[in-house]
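Right, one structure below, let's go through it.
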Amino acid sequence: MTALPPSRTDGRYRIGVVCLGNICRSPMAEVVLTERVAEAGLDDRVEVASCGTGDWHIGHPMDHRAAATLEAAGYDPSKHRAQQFAERWLDEYDVLLAMDAQNRTDVGGRDDDRVLMFRDFDPVDPGSDVPDPYYGGDDGFEEVLAMVERTSTAIVEALRAALEHPAPADGADRQ
Ligand code: 4NP
């Protein structure tokens, strides 16, 4: 199973999910993963946020198709407002999970062991891109939700392991 990098701070973990516009894929993942974390009783120790590498949608709510897909599955998409990736995310988060290979390149994390692919944790086709549903039909959003749900379950298992094995107290893990 793919492991998460150790926490930078004892006992807590911050995950940032990254896509292009921050109105479809990464906010869907943020909502589902946040729900799974709460179900696992880890919500006092784990924080999940999302951002996009592009600036077109800063401050906007989720794409209406992404929101409708989440709502139909019982999630609340209403609180999301899009924000743009900034360099500080590389320092402030324990891990960034990129939705596709271009997102990963765009955050500059190719050689950074704190930048992984979201689907590194997917039991089905691990390491693949989450396909961008923005220009397609509703099926694309259903497909993204299925990927995000099964992958979020696996990420929670990886979180349990990462929280059990925090970084060394001397900060040797820091860059
Ligand atoms: P996302 O999808 O990266 O999953 O949020 C997109 C949303 C908007 C655009 C592209 C992709 N756009 O070009 O505006």
Side-chain angles (χ1 to χ4, degrees), residues 2 4 13-38 46-112 114-156 158-159:
T2 304
L4 286 164
Y13 210 93
R14 301 184 76 193
I15 295 181
V17 192
V18 186
C19 67
L20 177 58
N22 195 217
I23 55 168
C24 299
R25 293 166 293 173
S26 64
M28 290 178 77
E30 178 187 343
V31 165
V32 171
L33 184 54
T34 299
E35 182 80 19
R36 292 286 194 276
V37 163
V46 176
E47 184 187 324
V48 185
S50 68
C51 63
T53 58
D55 64 359
W56 314 285
H57 300 288
I58 294 171
H60 293 181
M62 224 180 282
D63 178 281
H64 66 94
R65 299 160 296 173
T69 303
L70 283 177
E71 254 170 4
Y75 300 96
D76 175 11
S78 67
K79 295 183 185 65
H80 179 71
R81 295 294 178 271
Q83 50 183 345
Q84 187 177 22
F85 169 78
E87 288 289 313
R88 63 176 174 76
W89 285 63
L90 291 165
D91 298 320
E92 292 178 0
Y93 286 81
D94 292 302
V95 71
L96 297 182
L97 299 177
M99 282 295 177
D100 66 34
Q102 186 64 52
N103 306 146
R104 183 176 180 160
T105 300
D106 289 344
V107 302
R110 200 183 301 224
D111 302 320
D112 186 333
R114 291 193 181 274
V115 183
L116 303 178
M117 298 292 286
F118 183 81
R119 287 188 72 197
D120 283 342
F121 297 89
D122 189 348
V124 182
D125 292 335
S128 302
D129 289 351
V130 177
D132 188 345
Y134 186 66
Y135 295 105
D138 291 346
D139 287 2
F141 289 86
E142 295 290 344
E143 186 190 14
V144 169
L145 180 62
M147 287 175 183
V148 160
E149 285 189 313
R150 67 180 184 243
T151 302
S152 294
T153 300
I155 290 172
V156 167
L159 272 168

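Predicted model, so just to flag it, every value in this text is computed and none were measured. Indexing begins at 1, ligand by ligand and atom by atom, following the structure's order.
- Looking only at heavy atoms of the protein, atom 12 (N) of ligand 1 is closest to Tyr134 CE2, 3.6 Å.
- Protein heavy atom at the shortest distance from atom 13 (O) of ligand 1 is Tyr135 OH, 3.2 Å.
- Between Ser50 and Asn22, the closest side-chain pair of non-hydrogen atoms falls below 4.5 Å.
- Proximity of Asp94 to Leu4: side-chain heavy atoms (C-beta onward) are nowhere separated by under 4.5 Å.
- Side-chain contact between Thr69 and Glu142 is present, with at least one heavy-atom pair separated by less than 4.5 Å.
- Set against the non-hydrogen atoms of Ile23, the atoms of ligand 1 under 4.0 Å away are 5 (O), 7 (C), 8 (C).
- In the model, Asn103 has a side-chain atom that pairs as donor or acceptor with a side-chain atom of Asp100 under 3.5 Å.
- An N or O contact shorter than 3.5 Å links His57 to ligand 1 by distance.
- Below 3.5 Å of separation, one finds no N or O of Trp56 facing any N or O of ligand 1.
- Comparing heavy-atom distances from atom 10 (C) of ligand 1 across Leu20, Asp55, Thr53 singles out Leu20 as nearest.
- For atom 2 (O) of ligand 1, the closest heavy atom belonging to the protein is Asp132 OD1, 3.2 Å.
- Scanning both residues, Cys19 and Pro27, for their nearest heavy atoms gives SG-CD, 4.3 Å.
- Under the 30°/60° scheme for interplanar angles, the aromatic rings of Phe85 and Trp89 are found to be tilted.
- Between atom 3 (O) of ligand 1 and the options Pro131, Pro27, Gly21, the minimum heavy-atom separation is to Gly21.
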